[in-house]
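All remarks here apply to the structure that follows.
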Amino acid sequence: MTTSSTTVVVLFGGRSSEHEISCVTAGGIMDVIDRTAYEIVPVGITKDGAFTLQPDDPAQWALVGEHLPTVPDNGTRVRFPSAAEPRQLTVEHQDGSVSTIPVDIVFPILHGPFGEDGTVQGMLEIAGLPYAGDGVLASALAMDKHVAKAVLEHAGLRVAPWTTVLRRQWQADELGVAETIAAHGWPLFVKPARAGSSMGVSRVDGPEQLAAAMHLAFEHDSKVIVEPRVVGREVEVAVLEGRDGTPRTSLPGEIVVAEDGFYDFAAKYLGGDEQLLCPAPLTEAETDEIRSIGARAFEAIGGSGLARVDCFLTDDGFVVNEVNTMPGFTPFSMYPRCWAATGVSYPELVAELIELGRAAVR
């Protein structure tokens with residue numbers, strides 16, 4: 001390792017259903033990061049939860065057609081510090097040898113449970129390792145759609161109405177819960193409360209489809225959110241922590257989907273560019289308003305580093321849908337594209353998040 005550069009552990013993969021997208025993001029970051037300023041240490045977490053040292057090869061983690069990469073178990077094991085000093089990783093190699101790698105900062109690009117939900121952030125804080133992105137509380141809060149809605153609503157932001165259903169409630173009284181849900185009207189959307197990238201999300205057009213949608217959502221979480229369809233344009237804004245603490249916001253982007261569909265996992269990661277408009281065709285007043293909403297939502301959850309705030313623009317104004325503390329971050333994802341439209345390139349964005357993490361006081 002050179003001593004003149006900053007050593008960045010890119011932590012990716014993980015046990016969640018968004019494992020593959022995390023790998024694609026890792027490849028994107030490896031591809032664009034300034035190699036004169038940063039030394040990459042790729043630590044991939046397998047789907048079984050093993051921390052492994054992986055090749056610093058962007059091509060291995062690229063999205064090729066519809067092929068999504070995964071972290072293979074190559075026999076290595078990476079151990080994080082058991083004390084706050086020294087800041088280094090211990091690597092157990094396949095041949096039995098052991099080495100150490102000094103670490104300046106960790107960049108966790110994990111989506112969903114076991115990574116975006118505050119668990120890894122807590123581990124890093126206990127280990128005394130600086131890291132990029134949101135802290136423990138903001139990560140955990142935003143990950144739980146029920147809690148996030150309550151916090152945003154308390155902060156004076158308008159959110160869509162919702163019903164929260166626990167697995168035990170559904171199992172105990174399907175008919176009673178279905179009756180409560182039906183009061184929202186049709187169509188509605190069923191979502192796992194603590195997942196992302198539209199995993200386990202279903203559109204339900206009538207009561208005969210509800211049970212299947214609930215069962216699918218419960219495959220991803222023991223808590224489910226049910227929301228009525230909000231009629232409006234899907235507009236998102238990217239938020240980046242300011243060096244003085246004041247949130248910076250991007251020009252907004254818009255997702256354009258078929259009238260009878262929604263922006264599901266396949267559309268996000270396997271679809272075409274025509275589904276994303278950056279910047280969104282909004283009036284100056286609408287642009288200013290959603291940027292203000294994004295900053296307020298970021299502050300409401302105690303955000304640091306980054307977030308993407310997703311809204312619906314309805315006939316009577318904006319409705320906040322959700323806040324993502326580790327949004328899709330591949331080169332073709334909405335978050336970096338919004339910043340590109342605002343004048344911040346993907347490599348600049350990666351560098352800024354790393355430097356914000358190095359300066360963060362948790």
Side-chain angles (χ1 to χ4, degrees), residues 8-14 16 18-38 40-44 54-71 107-112 115-116 132-133 196-199 234 236-240 248-257 263-280 305-310 324-357:
V8 181
V9 174
V10 176
L11 188 60
F12 63 99
S16 85
E18 299 172 78
H19 174 104
E20 292 86 353
I21 297 308
S22 176
C23 294
V24 175
T25 299
I29 290 174
M30 291 179 204
D31 191 40
V32 303
I33 198 165
D34 181 357
R35 299 291 179 153
T36 65
Y38 302 108
I40 290 287
V41 178
V43 176
Q54 294 291 330
D56 183 2
D57 178 11
Q60 179 171 334
W61 313 109
L63 177 64
V64 181
E66 296 189 5
H67 171 73
L68 292 165
T70 60
V71 175
F107 196 157
I109 49 171
L110 301 160
H111 303 295
E116 191 179 350
S197 289
S198 303
M199 287 290 193
E234 297 187 37
E236 303 179 347
V237 64
V239 185
L240 184 65
R248 292 170 279 182
T249 58
S250 72
L251 290 171
E254 181 174 1
I255 299 166
V256 180
V257 295
Y263 195 48
D264 63 5
F265 180 88
K268 280 185 180 181
Y269 299 111
L270 305 178
D273 290 344
E274 70 278 4
Q275 293 169 316
L276 305 181
L277 301 178
C278 299
L306 76 163
R308 193 191 70 228
V309 180
D310 303 346
N324 291 276
T325 54
M326 181 44 70
F329 202 79
T330 67
F332 40 83
S333 297
M334 179 67 92
Y335 185 90
R337 288 178 63 167
C338 281
W339 278 115
T342 313
V344 181
S345 70
Y346 191 49
E348 290 170 335
L349 192 57
V350 169
E352 181 67 3
L353 286 167
I354 291 170
E355 296 308 317
L356 286 169

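Each residue takes its place number in the sequence, starting with 1.
Listed here is the closest heavy atom pair of Ile33 and Ile40: CD1-CD1, 3.5 Å. Of all heavy-atom pairs spanning Leu276 and Phe332, the tightest one is CD1-O, 3.7 Å. Between Val43 and Val9, the shortest heavy-atom contact is CG2-CG1, 3.6 Å. Between Gly14 and His19 the shortest heavy-atom distance is O-ND1, 2.7 Å. Taking both residues in full, the closest heavy atoms of His111 and Glu116 are given as CA-OE1, 3.4 Å, listed atom of the first, atom of the second, then distance. Of all non-hydrogen atoms in Pro336 and Pro331, the two that sit nearest each other are CG-O, 4.3 Å.
In this structure, Asp56 and Arg35 have side chains that are in contact, with non-hydrogen atoms separated by less than 4.5 Å. The shortest side-chain heavy-atom distance between Leu306 and Leu356 does not fall under the 4.5 Å cut-off. The side-chain heavy atoms of Ile255 and Asp310, taken from C-beta on, include no pair separated by under 4.5 Å. Side-chain contact check for Cys278 versus Leu251: every heavy-atom pair is 4.5 Å or farther apart. Trp61 is not listed as a side-chain neighbour of Asp31, based on a closest heavy-atom distance of 4.5 Å or more. With a 4.5 Å cut-off on side-chain heavy atoms, Ile29 and Phe12 do not count as touching.
Once rounded to the nearest 0.5 Å, the distance linking OG of Ser345 with CD of Glu352 reads 11.0 Å. Separating the OG1 atom in Thr25 from the CD atom in Glu20 is a distance of 11.5 Å, to the nearest 0.5 Å. With rounding to the nearest 0.5 angstrom, the CE atom of Met326 is 5.5 Å from the CZ atom of Phe107. Going from atom OG1 of Thr330 over to atom CZ of Arg337 covers 9.0 Å, rounded to the nearest 0.5 Å. Distance CD/Glu236 to CG/Asn324: 7.5 Å, rounded to 0.5 Å. Between Arg308 atom CZ and Phe329 atom CZ the span is 12.0 Å, to the nearest 0.5 Å.
The main-chain N or O of Trp339 is never found under 3.5 Å from a side-chain atom of Tyr346 such that the two would form a donor-acceptor pair. Ser250 places no side-chain N or O within donor-acceptor distance of the main-chain N or O of Val237, the cut-off being under 3.5 Å.
With sequence neighbours left out, the side chain to side chain contact (heavy atoms under 4.5 Å, CB included) criterion links Ser16 to Glu18, Pro113. Residues that satisfy the salt bridge (charged side-chain N to carboxylate O under 4.0 Å, His left out) test with Asp34, not counting sequence neighbours, are absent from this structure.
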After noting the C-alpha distance and the side-chain angles of Cys23 and Leu68, does the key distance pass the side chain to side chain contact (heavy atoms under 4.5 Å, CB included) rule? CA-CA 8 Å; Cys23 294; Leu68 292 165; over 6 Å; no
